[in-house]
Structures are given as C-alpha cells and as structure tokens.
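In what follows, every chain begins at residue 1, and chains take the letters A, B, ... in the order their sequences are listed.
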Amino acid sequence: MKQYEYMAKGILAQYGIPIAPGQLVESPDAAAEAVRDLGPVALKAQVLVGGRGKAGGIQFAQTPQEGAHVAQHMLGMLLKGYRVEKLYAEQKLPIEKELYISVTTDRNAKKPLVMASSAGGVEIEDVSDDQIVKRHVDPAIGVLPYFGREMAQALGLHDVVFKEFSELVVKLYRIYREKDAELVEINPLAVVDGHLIAADARLNIDDSALYRHQDVARVDEGSDLEQKVHEIGLAYVELDGDIAVMANGAGMAMATLDAIQYFGGRPANFLDAGGGASVEPTAEALGVLVTMKPKAILVNIFGGITRCDDVAQAILQVRNTVGIPVPLVVRLVGTNEKEGVALLNEAGIQAYSDMAEAAERAVGLAKEAL
Amino acid sequence: MKQYEYMAKGILAQYGIPIAPGQLVESPDAAAEAVRDLGPVALKAQVLVGGRGKAGGIQFAQTPQEGAHVAQHMLGMLLKGYRVEKLYAEQKLPIEKELYISVTTDRNAKKPLVMASSAGGVEIEDVSDDQIVKRHVDPAIGVLPYFGREMAQALGLHDVVFKEFSELVVKLYRIYREKDAELVEINPLAVVDGHLIAADARLNIDDSALYRHQDVARVDEGSDLEQKVHEIGLAYVELDGDIAVMANGAGMAMATLDAIQYFGGRPANFLDAGGGASVEPTAEALGVLVTMKPKAILVNIFGGITRCDDVAQAILQVRNTVGIPVPLVVRLVGTNEKEGVALLNEAGIQAYSDMAEAAERAVGLAKEAL
Amino acid sequence: MAILLTHQDRVIVQGITGNQGRFHTRQMLAYGTPVVGGVSPTKGGSNVEGVPVFDSVKEAVENTGATASIVFVPAPFAKDAAFEAMENGVRLIVMIPEHIPVQDSIDIVNRAKTTGSTIIGPNTFGVISPHERSKMGIMPNHIYQPGPVGVVARSGTLSYEIAFSLSQSDLGQTTVVGMGGDPVAGQTFITILEQFRHDPATQCVVMVGEIGGSAEEEAAEYLSVLGKPVVAYLAGRAAPAGKRMGHAGAIIERGKGTLESKEKALKAHGAEVVTMPWQVADAVRSALAR
Amino acid sequence: MAILLTHQDRVIVQGITGNQGRFHTRQMLAYGTPVVGGVSPTKGGSNVEGVPVFDSVKEAVENTGATASIVFVPAPFAKDAAFEAMENGVRLIVMIPEHIPVQDSIDIVNRAKTTGSTIIGPNTFGVISPHERSKMGIMPNHIYQPGPVGVVARSGTLSYEIAFSLSQSDLGQTTVVGMGGDPVAGQTFITILEQFRHDPATQCVVMVGEIGGSAEEEAAEYLSVLGKPVVAYLAGRAAPAGKRMGHAGAIIERGKGTLESKEKALKAHGAEVVTMPWQVADAVRSALAR
C-alpha cells in the first residue's frame with residue numbers, strides 16, 4: 001500500500017529525518033494561506049505515480065495570489081491517469097545538491113537492500129550502476145551507524161553531510177523494518193545550507209503486514225471498481241479489453257489472459273479469485289464482472305483447494321439473483337469436478353474441461369457480440 | 001539500579017502483564033483511603049531487599065481503621081537495615097498457586113536466561129534444580145511465543161494458564177531487553193481465578209544503560225554518604241571499620257581491604273577512585289574520606305591510566321583546603337611515580353612503594369590512634 | 001526417486017486442528033504421506049484423523065522423530081511456527097500460508113541459513129513426490145503420476161494445470177514443487193534446479209514462471225550446468241505492466257522482469273520456451289525423445 | 001612466544017582522535033606495537049602520532065591489512081565500533097571502554113561467535129606480550145618483561161601490581177591479559193587458559209580473580225587439562241557481601257561466587273592459592289622450580 005508524499009514525510013519526521021515545512025492543501029484559498037505562512041512554495045500534486053514533476057505535477061508560487069491561481073489549475077487535473085485531489089505546499093528549498101537513498105527488499109538476495117547515489121534527482125533511473133552504492137543488510141544485525149558511515153564514504157561525502165547521511169541510513173532502515181515497508185525512498189535527498197533534507201519521499205507498506213500498523217493511513221489507489229473488489233479481499237486490475245475473466249490463482253489468471261490474447265481476444269480485467277475462495281466471495285466477484293458489461297465472461301478454474309462445486313454454486317447464485325446477461329464460458333476441472341459440472345449442466349450451462357477450448361470459445365462469443 | 005516493587009509493577013503493566021489493583025501509600029490516612037478504594041489489602045513495605053515478608057514487611061488490613069493502624073506501625077520501621085518510607089497497598093488476592101519466573105543475564109553463557117518454576121513463592125531459593133526450568137535465549141532471535149510455550153509445557157501448565165504464561169515470557173523478555181534490565185523477576189507469579197497475575201516484582205536496570213532510559217525513575221539505595229560519592233561518579237560502599245581507604249580500580253580496592261584485614265585492621269569503606277580519575281574527583285573523594293573521621297587513611301595507587309602526580313596533587317589540594325586531620329599513608333607507584341612522590345615529599349608526606357608496607361603502617365597508625 | 005521430500009521423511013502438521021490443517025492432513029494421509037503428528041498448543045493429547053496432537057514441535061519431534069513440517073497456522077503466527085520448527089531441528093519446512101509479512105519471511109529465510117533447514121514457501125502449494133507416494137501441500141491428489149519430469153513453479157493452480165496435462169499425456173513427475181508466490185521465499189529456481197540436477201530419475205525439468213522479479217533470468221545461466229532439457233512456460237504475456245516500486249525497483253531490475261527479457265534469457269541458455277500452458281506436454285515429449 | 005597478540009598483528013585504533021585514543025596510541029607505539037592506522041569518522045586523511053587516520057574500519061583494513069583493533073570510543077558507541085570491526089574481518093578486538101550496557105556486550109560477544117572474532121573485554125586493560133614487544137591496552141609500559149609466566153586477570157590495576165612484582169622478581173611474562181571487569185565479556189578464564197596451554201613458552205599461569213560470579217569455579221575443572229602449574233590470587237576476602245540479584249541470583253549461583261567456594265574449587269584442582277598479592281611472585285618461583 002503506497003502512502004502519499006505528505007504521509008510518507010510525516011513518518012520520516014517522526015523518525016527524526018528533516019523535511020521542509022509544508023502544508024496539505026485542498027483548495028486555492030488554502031494554497032494562498034500556505035504561501036502566507038511559508039513564503040514561496042512548491043505546490044506538489046499528491047498522486048501515487050512517479051515522474052510527477054515532468055508531467056506538470058510540481059509547480060511554484062511566489063505570492064498568495066499565485067498560490068491560489070496555481071492550485072486552481074492543478075486541483076482536479078489528470079496526471080498520468082490520476083486525478084489530483086490534494087496538493088502539498090512545501091517551502092521552496094535552495095537545493096545545492098541532490099542525492100538519492102532507498103531501502104527496499106532484494107528478492108533474489110532475500111535481504112533488505114540499501115541503495116544510495118550522489119547523483120540523485122529525477123534522472124536517477126538513468127544513472128549508471130557504478131554511481132549507485134548498494135549494500136545488503138543482515139536482518140539479524142540490522143543497520144548500525146557504521147553501515148551508514150561506510151555508505152557515506154563510498155558516496156564520497158564529507159563532514160556534516162557525512163554524519164547526517166550516516167544517521168539517516170539508520171533511521172531509514174528503522175522505518176523500513178518497523179513500518180513493514182516494501183520501499184522507503186528519498187529522492188531527491190537534498191543538500192540545503194549544507195544539511196540534508198528529504199525533498200521528496202515514497203513509502204510503500206507491505207499489504208500483508210497492515211494488520212500490525214493500525215496507525216498508518218489507509219490508501220487504495222485503485223479505480224472505484226478495483227477498490228470494490230479489493231474490499232471483497234480479491235486481487236483485481238482493470239484492463240481495456242472486452243472479455244471479463246475470473247480464475248483461481250494469480251498464475252492461472254495471468255495464463256487465462258494470455259490464452260484470450262492468443263486466440264485474438266482482449267481481456268477486460270485481471271481477477272484472481274484466490275486459491276481457496278468459497279461460494280460467497282466468488283459470487284460477489286462474478287457479480288462485479290457482470291456489472292462491467294463485457295462482451296463475454298470466461299471463468300477458468302482448476303480446483304485444488306477451490307472446490308468446483310462451490311464455483312458452480314456461485315455461478316448459479318449470480319445467475320439466479322442479478323442475472324448474467326452476457327455469454328458465459330466456464331472451464332472447470334479438479335476437486336469435485338463431477339459435482340460442479342453436474343450442477344452447471346442441470347442449469348443448462350456447458351462446462352469445458354480444456355482450457356484452450358474454453359478460451360477460444362469465449363473469444364468467439366465476444367466477436368459474435370460485436 | 002533497583003526499582004521499587006511499585007515502579008517495577010508499573011512497567012510490567014505497561015507491557016500488558018496483569019498486576020493487582022494497588023496504590024502507593026505514604027501516610028496512615030492514605031492507607032485507610034486505599035482500603036476504602038480497594039477493599040482488604042496487603043500493605044507492602046517498599047524496600048529494596050528480599051525476605052521482606054518474613055521480616056514483617058507485608059501486613060494485611062481488612063478495614064480502613066486497620067489500614068491506618070498497620071500503616072502507622074509500618075511507616076518508619078527498620079526492615080533489614082532499610083527505613084520504610086513508602087507502602088504499596090495492594091488488593092488482597094485469593095492466590096490458588098504460586099509460580100516463579102525471571103529473566104536475567106547468565107554471565108557464563110553470555111546470554112539471557114529465562115528461569116521458571118511451578119514451585120514459586122518465598123521458598124524458591126530452596127527449591128531443587130530439577131523443579132526449575134532454565135532456558136537460554138539466543139539474543140539474535142529473542143523470545144518468540146514458541147519459546148514461552150515450550151517452557152509452559154516443561155512446567156506442566158495447561159489451558160488458560162499455559163497460554164497466559166507463554167505470552168508472559170515474551171513480554172518479560174521484552175522488558176528485560178528494552179529496559180536494559182539486569183533482572184526482571186516475578187515471584188510469586190500467582191494464579192488467581194484461573195489467571196496469572198504478578199503478585200510481586202523486581203526490576204534491576206543496568207546502571208551503564210541508564211542514559212538511554214530517561215523515563216525510568218532514578219533510585220539510589222545507598223546511604224547519604226554513599227549517594228554523595230556516587231554523585232561524583234565513583235564506586236563507594238560503607239563498611240564498619242576505622243581505616244578509610246582509597247584505591248584505583250575495583251580489584252585494587254578490594255586487595256587493599258584484604259591487606260588491611262591481613263595486618264589486623266578494619267577497613268571503613270570501599271572506594272574505587274577509577275582507573276583513570278583526574279585531580280578533581282580524586283580530591284572530592286578524598287575529601288569525603290576525611291569527613292568520615294577515620295582513625296587513618298590509606299591511599300593505594302598503582303598508576304596505569306591514573307597518573308601518580310595527579311593523585312599527589314589531589315592529596316595536597318585536600319590538605320591545603322579542608323585539611324587532613326588524621327594519619328595519612330600513601331602508596332604510590334606507576335605512571336609519573338617520580339613526579340608524584342617528589343610532590344608529596346616536598347609537602348612532607350612520605351610515599352611508600354610497597355603495598356604490604358603501606359597497609360601495615362596504616363593499621364599501626366590506626367591502632368596508635370585508639 | 002524424488003527431490004526434497006522422500007518416503008523416509010516423517011511429517012508433522014503445525015496447526016493441525018484448524019480447518020485447513022485438518023482437511024489437508026486427511027488428504028496427505030490419503031495420498032500416502034507418513035504424517036506422524038500434529039502440533040496445536042493446549043490441544044496436546046488429542047488426535048486428528050488418528051494422528052496424535054502435541055503441544056509443541058519439540059514434543060512432537062521427541063515423540064515421533066519427525067524430519068519435516070507443514071505449516072498451516074494463520075499468517076500472523078507463521079514466523080513463530082517456522083522458528084519453532086527450525087530451532088527444533090526440523091530439516092524440511094513447507095510454509096502454506098499466504099499474506100505473511102515480508103519482514104517475517106526475511107527473518108525466516110535468513111535464519112534457515114544458520115539452522116540448515118530447507119524452507120519451501122511461504123505462499124506455496126507445497127511439494128509432491130509421486131514415486132514416493134508422499135506430498136506436503138494442498139495440491140489435489142489425483143492429478144499426479146510417477147514419471148521422469150521435474151516441475152518447479154511459482155504459482156499453484158497453474159502448476160496443477162500443467163502437471164495434469166503432463167499426466168494426461170502419460171508424462172509422470174519425479175517431484176513437483178512450488179517456490180511460493182511471495183516476494184521473499186526459501187527457494188529459487190536455481191536451488192530447485194540444483195536438486196533436480198542430482199536426481200537421476202529426473203530426465204527433464206519444467207519451469208513455470210511469471211512476469212515480475214528476476215528469478216527466471218537469474219536461473220537461466222544455471223541451465224548449462226543442469227545438463228538436462230528444460231521446458232519453460234511463463235505466464236503474463238497479456239498482463240498489465242506491473243506498477244513500479246519507485247526508482248528503487250527500476251534500479252534493481254534494470255530491464256529485467258519483463259516476459260521478453262525472461263524468455264530471451266531462458267532461450268539463450270537452451271530452454272524450450274512455449275507460449276501456452278497446453279503446449280508444455282508436447283514440448284516435454286520432444287525433449288525426452290531427443 | 002605469546003598468546004592472542006603477536007608481533008605479526010597489525011593494529012588499528014578505533015577512536016584514535018579522542019584524548020584516550022591519542023594518548024594510548026603514543027604509548028602503544030612507544031612499546032613497539034605496530035599501530036598501522038586509526039579510525040575516526042570525518043577525520044580521514046589526517047594523522048595521529050604519524051599514524052594515518054581513516055573514516056572507517058573498512059577503509060583502514062583495506063589500506064593497512066590490519067588484523068586487530070583496539071576500541072576507545074565512548075561506551076554508547078562501543079557496540080557500533082565492535083560490529084564495525086567484526087563485520088570487516090578484524091580477528092582480535094580489544095574493548096577498552098567501561099560502562100558499556102550489558103545488552104550491547106551480549107550482542108557483541110554472541111555475534112563474535114558467528115564472525116570468528118576474538119573479543120577481549122569490554123572494560124579491560126587489554127593484552128600485552130612482552131616477548132613480542134606488542135601491546136593493545138592501557139597498561140603502563142615499563143612494568144612488564146619477557147619471561148615464562150602467563151597472567152590472566154579480571155582487574156586492571158591489580159594485575160599491574162602483580163605483573164610488576166613478578167618483573168621485580170625477574171619472573172617475566174609471556175602474555176598478560178585482562179578478561180574485563182564487566183558481567184559479560186568476550187573471554188573467560190577457561191578460554192584464556194586454553195590459549196596458555198598451547199603456548200610452549202608459558203610455563204606457569206597466574207590467575208587474578210575476585211569475589212562474585214562463578215568464573216573461577218568454572219575454570220577450576222580445566223586446570224587438570226591445562227597441565228601447567230597455576231598460582232591464583234583472589235581479591236575480596238574483606239569485601240562486603242555482594243547485594244543479591246533477587247532470587248534469580250541465588251538460583252544461578254547456588255553457593256558459588258564466594259571467596260571460599262572459589263579458593264576451594266581452585267585448590268581442589270591443584271592450583272596454589274595465595275592470600276595476598278605480594279605472595280604471588282614467591283609462589284610462582286616455587287612452582288617453576290618444581
């Protein structure tokens with residue numbers, strides 16, 4: 001779960017990492033007020049996407065009037081597909097130099113990874129590897145100050161910035177660990193008046209660990225529909241095709257999209273009904289697919305924990321309540337396959353056992369519906 | 001640094017360990033009030049010494065009148081040499097069973113050690129080793145719940161008490177670790193209405209770690225004089241002899257006491273002037289020795305980090321300001337020995353280089369002073 | 001023959017009294033797995049499906065000589081369960097739960113390096129060795145059969161799909177193992193391929209991968225060492241581009257993680273890469289014929 | 001010959017720019033110790049007593065090939081310094097600071113088991129090997145001389161007293177080492193005695209102990225393995241009874257920790273126990289004559 005910049009900075013500040021004075025702004029008046037309080041500001045769109053600056057998501061205001069004017073323009077704008085609803089008005093910093101630092105999990109090494117560069121800023125992705133200092137953390141030890149000093153030295157830092165950077169690494173790792181972060185990133189980590197300050201910040205919290213962070217603000221960056229399906233507890237992503245898809249297991253769901261594409265169709269969504277979903281959430285998920293008004297629906301189930309008869313019951317439940325007014329193709333094999341197929345057949349729904357056949361059929365039906 | 005029972009229980013409660021309702025009481029009126037609030041109570045003398053119950057340090061009161069009466073009697077009493085200044089009035093518990101648990105540091109294993117017994121209570125010291133479950137903690141892992149369950153099982157616990165005990169081990173270890181405890185001990189750990197509750201508690205904090213626990217109440221259990229010397233930053237213990245002693249290093253100080261005893265004298269104190277004390281604290285410590293009005297003073301210095309000329313200067317400073325009106329024997333060898341001896345000789349003070357000779361001389365002078 | 005799990009392993013079930021633990025204990029017993037005990041604190045002395053229940057792994061190991069454990073406890077308690085197994089000398093630990101916090105997985109997987117335990121998962125369907133009539137996992141029993149093919153997969157149902165199609169084509173399996181779908185897991189393609197390399201019964205290996213991460217790219221270089229034919233199917237050709245993990249993700253991946261980069265790397269090291277799951281069986285048959 | 005520290009060790013000083021670090025660097029150089037570098041963050045590039053200063057242990061080790069480090073940083077930073085040395089492969093680490101929190105010492109000492117480093121201290125005067133003309137510590141230079149006696153002590157000044165009296169009696173030392181006065185330290189009497197056992201130059205060992213703890217009792221049993229005469233002096237005959245650490249202290253100690261129990265255990269295993277420090281030299285002379 002991503003945190004907005006202003007939330008991430010709030011957490012950095014709790015851990016004693018310097019941030020610039022700033023205010024959250026949701027109206028032109030508030031923006032004008034912010035300039036009165038802080039002096040010249042950067043107005044930064046609070047959206048969960050990178051490359052915000054280049055896309056016009058960071059603008060400056062010298063006067064309250066200008067602040068109101070800029071905010072008027074920015075609030076409500078679409079930025080890389082995201083609607084801007086909040087701005088963060090931050091005192092404009094006379095940045096001398098931009099560094100980069102992040103702590104994330106290296107899946108291959110299975111360890112936390114601290115990365116830093118003295119060539120920070122928006123171009124960091126283009127910086128060559130030899131300008132980036134990478135160090136893995138032994139999770140049984142964590143990050144002690146010497147670790148930070150060794151990185152500071154590798155970056156060629158000196159004096160005050162050397163010391164501040166060393167301490168910052170310790171704090172940033174504590175955030176990563178104590179907040180169950182997938183990523184905590186400061187870019188740019190600015191040098192202002194010879195001191196370090198976090199000029200931008202990202203913090204992604206591990207969804208699986210949210211239960212132990214009741215104090216962290218909840219953010220769901222999905223579309224309204226995505227949020228609705230997430231609330232049922234299922235993984236869901238909107239796509240731009242016309243064949244709605246439900247499968248069990250993320251890999252199976254991806255393979256189903258692949259199969260649709262393979263036969264020349266276009267999937268409308270990614271929906272993982274879970275490895276062991278029972279009747280109720282499966283029915284709810286299918287209900288959502290119906291509301292999308294696709295040209296066809298493909299349900300692809302290989303029953304392991306998921307029982308085929310449960311899936312069949314969910315399908316019948318949806319058909320008998322909200323109704324399924326689009327062509328439906330069901331592929332059903334595995335645990336309790338016979339029972340499930342029998343249930344569907346009784347209700348006049350054909351069930352395929354071959355995945356390719358089912359996918360091809362769904363694509364065909366969607367084309368006929370054109 | 002030891003914590004009083006009521007302080008220790010406050011910290012247990014912060015970590016979610018159940019304690020009985022109780023109030024700190026410093027007057028008979030407050031004791032009566034406590035009985036009105038809590039019903040029948042145990043009035044427990046807040047002293048930093050074991051075996052309090054047997055010595056009359058725990059008494060009971062059924063009514064407010066009785067509470068006032070008992071408190072009147074207890075407040076100000078001497079308990080094993082400690083003056084009782086505060087009582088802890090605790091709701092009387094219908095204890096079904098008494099367990100024991102502690103977390104401490106095992107110096108030989110160099111690891112934290114959790115000890116527990118289902119034969120808790122005042123007799124725990126006499127319980128045989130096979131009734132005590134001992135487990136070392138790997139500090140890189142800490143105590144996870146399974147560790148507590150394994151101990152609960154070894155103790156033969158069941159059901160609710162099994163679960164509560166398992167969780168309590170995790171919490172107690174967290175206190176030990178997060179509060180830098182040398183010892184955290186619950187004895188008895190009582191079973192009341194089928195649930196665990198800490199009926200008494202001890203918590204000793206590592207003096208060296210106090211700097212990172214500004215929130216923990218400071219307690220100095222020494223006499224007034226001991227506290228005064230501790231404030232200078234030196235280790236000091238009062239003894240009942242008549243020869244005041246200052247030496248550098250704890251081992252050296254102990255050896256000096258041994259030497260005095262060897263020659264038939266009686267040391268008045270233990271004072272470790274530290275491995276590297278400079279002029280000012282050394283002079284302050286010597287000043288304290290003078291105020292004790294001993295029959296003789298023996299200063300025994302083997303200069304390593306401590307410089308003999310610093311010690312000589314400290315001695316002269318005390319003689320020239322407060323004065324040293326008792327026989328003084330100085331033994332001075334090691335770093336800057338020549339300079340130190342010269343300074344003393346100039347001032348008419350003889351310096352010995354042989355420890356045995358110096359100790360014998362000090363004992364002789366003390367006997368002459370009788 | 002098989003890898004990881006053989007019939008000599010004696011298996012305990014942590015969390016045996018929960019719904020899942022109970023159901024899959026029955027399934028594992030039905031398949032032939034020697035499930036010798038279960039663990040469920042304060043339920044010690046009872047039994048599930050005829051299997052004795054103990055209060056702790058320590059007690060279970062002492063009483064049964066268990067060498068392997070399958071963990072079914074809820075995700076918030078999974079770290080505790082894994083450490084309990086590791087610290088009590090269990091050599092093979094299959095972690096079924098999904099949604100285990102990544103920091104917990106990091107602790108588990110790194111601790112295993114010290115204890116020498118083998119962690120499968122978390123968020124895995126487990127491991128099954130049809131020759132040995134033993135499984136530790138939640139896969140359906142009927143879709144596997146003994147044979148010469150080793151299968152290693154990141155995803156559960158997709159691996160069932162493929163194992164089933166192999167079996168239907170009479171291409172049985174030595175061992176089918178799920179690495180687990182979580183970002184941090186005990187095994188990688190490489191560690192599993194190493195095992196298949198040393199298993200004489202395995203004549204061909206099927207890798208079932210996905211977009212994201214760079215596990216497939218890392219594994220590609222090992223294929224030349226493996227010395228056995230590899231058929232790979234990777235899901236995600238039509239999947240939406242993953243949302244990036246800040247600049248850090250871009251720096252780590254440096255162009256890896258896409259389906260193209262994975263397939264390219266695997267092909268470059270001699271793997272037969274197919275584009276649809278139903279093409280796997282034919283490719284395996286051809287590989288075995290060569 | 002010597003134990004722990006030989007002339008082949010190349011020594012760095014962590015905290016070299018502090019008062020103590022600076023002073024004792026001079027003393028160590030004067031004694032002959034090959035001090036090859038110092039560490040003091042942000043002071044890299046400067047020098048102290050002609051010794052180059054580096055920003056980190058990593059840099060110091062890379063540039064000097066240092067094998068040993070002596071730590072002079074203030075107690076709150078000692079854990080960091082010790083881990084820095086360990087993680088950078090320093091094999092011998094002498095921890096001078098007193099008042100290091102015990103939990104920090106526990107972490108240091110237990111980590112050293114993994115890294116293979118040898119920790120002397122904390123709260124030690126260090127180690128000196130007169131034959132090798134090398135010392136890492138804060139002991140006065142002039143009181144030692146080469147000879148056949150190994151000395152291991154818990155207390156600093158008391159060991160100086162005894163080493164000095166040995167030297168005055170022409171009984172030189174192979175190595176004198178301080179275990180440190182803190183509750184948790186890197187070495188015990190046993191680990192040091194093991195080293196003296198394997199040092200052919202050491203013909204007699206002097207143990208300087210104290211009341212409290214049970215290190216002397218633990219060591220007593222090792223004396224029969226040692227195969228060399230031992231003279232022991234324990235301080236604290238006249239010391240006040242230590243204040244007990246709750247019931248836990250009583251349970252752990254079970255009658256150990258008193259001067260009587262220590263002396264009894266040592267005598268039972270063949271040590272010559274003397275009652276005053278000035279009796280040590282004569283006892284050593286007799287032991288060597290036997």
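In this structure, C:T157 contributes its side chain and A:F302 its backbone to no donor-acceptor pair below 3.5 Å. In this structure, A:K110 contributes its side chain and C:A185 its backbone to a donor-acceptor pair below 3.5 Å. Judged by distance alone, with hydrogens and angles left aside, the side-chain atoms of A:D258 form a donor-acceptor pair with the main-chain N or O of C:G236 at under 3.5 Å.
With a 4.5 Å cut-off on non-hydrogen atoms, A:A359 does not touch chain C at all. When heavy atoms are compared at a cutoff of 4.5 Å, C:M276 approaches chain A solely by way of its side chain, counted from C-beta outward. With a 4.5 angstrom heavy-atom cutoff, A:A253 does not touch chain C via any of its atoms. With a 4.5 angstrom heavy-atom cutoff, A:A255 touches chain C via backbone and side-chain atoms both. Residue contact with chain A, scored on non-hydrogen atoms closer than 4.5 Å, involves the side chain of C:Q279 exclusively. For chain A, the nearby part of C:V109 is the side chain; its heavy atoms alone come within less than 4.5 Å. The parts of C:P183 that come within reach of chain A are both its backbone and its side chain, each placing non-hydrogen atoms under 4.5 angstrom from that chain. Neither the backbone nor the side chain of C:I190 comes within contact range of chain A; no heavy atom of the residue lies under 4.5 Å from a heavy atom of that chain. Interface remark: A:D180 contributes backbone and side-chain atoms alike to the contact with chain C (heavy atom separation under 4.5 Å).
The pair A:R177-C:D107 counts as a salt bridge, with a side-chain nitrogen and a carboxylate oxygen less than 4.0 angstrom apart. Looking at C:D104 and A:R212, a side-chain N of the basic residue comes within less than 4.0 Å of a carboxylate O on the acidic one, giving a salt bridge.
Between C:W278 and A:Y262, the ring planes lie perpendicular to each other; the angle is over 60°, past the 30° to 60° tilted range.
Of all non-hydrogen atoms in A:G251 and C:L158, the two that sit nearest each other are O-CD2, 3.6 Å. Residue A:D206 comes nearest to C:I100 through the heavy atom pair OD2-O, 4.4 Å, listed as atom of the first residue, atom of the second, then distance.
Between C:E218 and A:N108, the side chains place a donor N or O and an acceptor N or O closer than 3.5 Å (distance only, hydrogens not considered). Side-chain contact, A:Q261 with C:R237: no donor N or O sits under 3.5 Å from an acceptor N or O.
Your options are C:S105, C:S155, C:S165, and the one with the most heavy-atom pairs under 4.5 Å with chain A is C:S155.
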For a salt bridge (charged side-chain N to carboxylate O under 4.0 Å, His left out) check, start with the C-alpha distance between A:R107 and C:D182, then their side-chain angles and the critical distance, and finish with the verdict. CA-CA 9 Å; A:R107 295 169 175 221; C:D182 280 1; over 6 Å; no

